[in-house]
Protein chains: 2
Amino acid sequence: MAGQKIQRQTGVALWRQIADRIRTSINHGDFDETGMVPPETTLALQFGVNRHTIRSALAALAQEGIVRAVQGRGTLVERKERLSFPISKRTRFSQGIGDQVRETRSVLLASGEEAASMELARQLKIKTGTRLVRLETLGQADHRPVSRATSWFPADRFGDIAEIYRATGSITKAFKELGVPDYVRVVTEITATHADENDLTDLQLSPGAIVLVAQALNADLGNVPVQYSISRFAADRVRFTVEN
Amino acid sequence: MAGQKIQRQTGVALWRQIADRIRTSINHGDFDETGMVPPETTLALQFGVNRHTIRSALAALAQEGIVRAVQGRGTLVERKERLSFPISKRTRFSQGIGDQVRETRSVLLASGEEAASMELARQLKIKTGTRLVRLETLGQADHRPVSRATSWFPADRFGDIAEIYRATGSITKAFKELGVPDYVRVVTEITATHADENDLTDLQLSPGAIVLVAQALNADLGNVPVQYSISRFAADRVRFTVEN
DNA sequence: CTTAAATGTCTATTGATATAGACAACCATA
DNA sequence: TATGGTTGTCTATATCAATAGACATTTAAG
């Protein structure tokens with residue numbers, strides 16, 4: 001672990017800054033040899049804080065299930081997590097990370113119908129007020145939540161997509177049944193922000209965590225927009241890969 | 001401004017969470033009509049906190065130069081910041097955001113020579129230990145720091161790149177002088193993490209801020225890797241756009 | 001000139017954050 | 001079984017973060 005300086009009086013508690021740093025170190029593989037985090041007293045010395053502050057940080061990581069403290073022995077690394085998520089013309093959730101995990105699953109959290117806002121109309125190249133189907137979905141890899149997405153589809157073409165998606169758990173399959181044999185990613189916008197309340201519950205994050213936000217437009221082979229989606233990924237668990 | 005819920009007892013002070021949200025709103029253009037942030041009492045009501053907490057948040061934004069409070073009138077928006085940064089085959093720093101700002105500039109912070117680590121060798125498809133030139137650069141847009149990058153180049157082909165870059169402020173021009181008329185982006189990996197100490201100083205961020213990290217590989221037209229770089233962007237100031 | 005609305009300043013109180021020190025409980029191992 | 005190293009628990013204190021209320025100061029508008 002390099003660069004141990006910690007910022008004080010910035011609105012971010014020391015224990016949280018330290019927890020974030022240790023989590024990053026774990027994901028980076030810094031403790032792979034021993035499988036353990038350094039002793040609390042060592043960390044306290046490294047970060048220049050009191051041992052109790054280190055304990056608060058480790059308690060937060062234990063709450064996330066990333067480490068587990070064992071009295072008398074030390075603090076064990078329980079779980080590392082960062083999946084590589086490719087972004088290309090043929091971006092699909094399950095295919096991209098399929099070879100990195102044993103099982104991928106997509107579940108429908110909610111669905112509904114609404115009128116296109118100005119922003120959505122602009123993206124999907126339709127008129128404001130056009131009816132849209134909205135799907136709220138959760139992507140899982142090996143039973144761990146990875147992404148949370150809201151998607152919009154023109155209701156005239158895809159009015160029944162919620163039903164089919166609920167049955168198949170796949171957007172690709174639902175498109176096929178509705179007469180779209182194939183589709184391509186037109187553009188993806190990527191930003192990062194702090195996790196909001198829904199992220200915390202759906203993605204099982206701890207407050208202060210970071211989410212990568214991908215806003216994507218998919219079109220059919222005739223280049224007609226078929227889906228606009230906003231996906232939120234736990235930044236600790238994924239990495240985006242753009243291949244040109 | 002939507003979704004006003006704020007997290008309590010998370011290690012991140014309320015005033016900082018609120019400052020982040022207001023900054024995002026400003027960048028999103030929510031206050032463009034009036035050019036002013038809502039009154040403190042209104043914000044206090046919206047966020048469900050005391051007016052003094054709002055004042056702390058606005059004081060932080062004023063410190064960043066984003067807003068300016070005027071007694072008797074209100075709090076004015078001074079500056080918006082979020083650049084769209086395209087990622088494609090022809091990704092270059094200055095061209096991508098050139099039409100969004102008046103001036104882009106790139107400065108050399110440091111340079112040196114080193115032996116390729118295993119990871120760098122793998123990326124650049126060379127042998128471990130091969131000599132590499134390392135450049136540390138800072139990208140600016142309208143005199144505001146936007147990105148901080150570390151780049152590696154094979155020393156046999158690009159031994160003098162530091163000199164040329166220092167003179168021209170452009171990687172593209174340096175490549176041209178060294179016999180690489182054009183180059184393409186092979187792959188970009190995108191992650192997000194909390195700002196570290198160097199980010200805070202170089203990018204003028206406040207602790208707890210988020211950085212988007214892009215690890216990129218560029219190759220010449222013969223598909224031979226010429227540059228591997230790790231760039232760190234202030235997440236509040238940029239958005240990545242991937243066009244397929 | 002008056003008034004309403006906005007930011008600026010002050011005091012006081014409570015809870016969260018961080019430090020400090022001491023000691024108990026547990027584990028591995030010599 | 002004795003010891004060193006580790007996590008767990010407790011008390012105490014100081015500072016930061018957040019709330020609450022009162023009032024001053026400035027600006028714009030009637």
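What you see below is based on every heavy atom in this structure, not just the backbone, and it leaves out hydrogens, waters and symmetry mates.
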Next item on the list: Counting heavy atoms from C-beta on, name the nucleotide in D/dA18, C/dT7, C/dA18 closest to the side chain of B/Trp15.
Entry: D/dA18

Margin query: Nearest to the B/Asn50 side chain among D/dT19, C/dT17, C/dG8, which nucleotide is it?
Written below: D/dT19

Notebook entry, point to check: Taking all atoms of both residues into account, what is the closest heavy-atom pair of A/Ile18 and A/Ala57, and its distance?
Noted result: CG2-CB, 3.8 Å

Check: Between B/Gln71 (CD) and D/dA28 (C1'), how many Å, whole number?
Finding: 14 Å

Notebook entry, point to check: What is the distance, rounded to the nearest whole Å, between atom CG of B/Leu58 and atom C1' of C/dA6?
Noted result: 12 Å

Notebook entry, point to check: Going by heavy atoms in the side chains, are A/Trp152 and A/Glu114 under 4.5 Å from each other?
Noted result: yes

Check: Do you know which two heavy atoms are closest between A/Thr191 and B/Val238, and how far apart they sit?
Finding: CG2-O, 4.4 Å

Item checked: Spacing of A/Glu40 atom CD relative to C/dC26 atom C1', expressed in whole Å -> 13 Å

Margin query: What is the distance, to the nearest angstrom, from the CZ atom on B/Arg68 to the P atom on C/dA6?
Written below: 18 Å

Notebook entry, point to check: Between D/dA18, C/dA18, D/dT25, which nucleotide has the shortest distance from any of its atoms to the side chain of A/Ala13?
Noted result: C/dA18

Note to self: Between C1' on C/dA18 and CZ on A/Arg16, what's the gap in Å once rounded to a whole number?
What the structure shows: 16 Å

Margin query: Looking at D/dA28, I'd like to know if its phosphate oxygens (OP1 or OP2) sit under 4.0 Å from a side-chain N or O belonging to B/Arg73.
Written below: yes

Next item on the list: Report yes if the side chains of A/Leu135 and A/Ile171 come closer than 4.5 Å at any heavy-atom pair, otherwise no.
Entry: yes

Check: What do you reckon, are the aromatic ring centroids of B/Phe240 and B/Phe233 less than 6.0 Å apart?
Finding: yes

Note to self: Under 4.0 Å from OP1 or OP2 of D/dG5: is there any side-chain N or O of A/Thr41 that close?
What the structure shows: no

Margin query: Without decimals, in angstroms, what is the distance between B/Leu45 CG and C/dA6 P?
Written below: 12 Å

Check: Is the distance from OP1 or OP2 of C/dT17 to the nearest side-chain N or O of A/Ser56 less than 4.0 Å?
Finding: no

Note to self: Between the base of D/dG21 and the side chain of B/His52, is there a donor and acceptor pair under 3.5 angstrom?
What the structure shows: yes

Next item on the list: Take atom CG of B/Leu43 and atom P of D/dA18, then tell me their distance rounded to the nearest Å.
Entry: 16 Å

Next item on the list: Answer yes or no: does a side-chain N or O of B/Arg55 lie under 4.0 Å from OP1 or OP2 of C/dG8?
Entry: yes

Next item on the list: Would you mind reading off the distance between B/Arg51 atom CZ and C/dC10 atom P, rounded to a whole angstrom?
Entry: 14 Å

Notebook entry, point to check: Nearest to the side chain of B/Leu14 - D/dT7, C/dG8, D/dA18?
Noted result: D/dA18

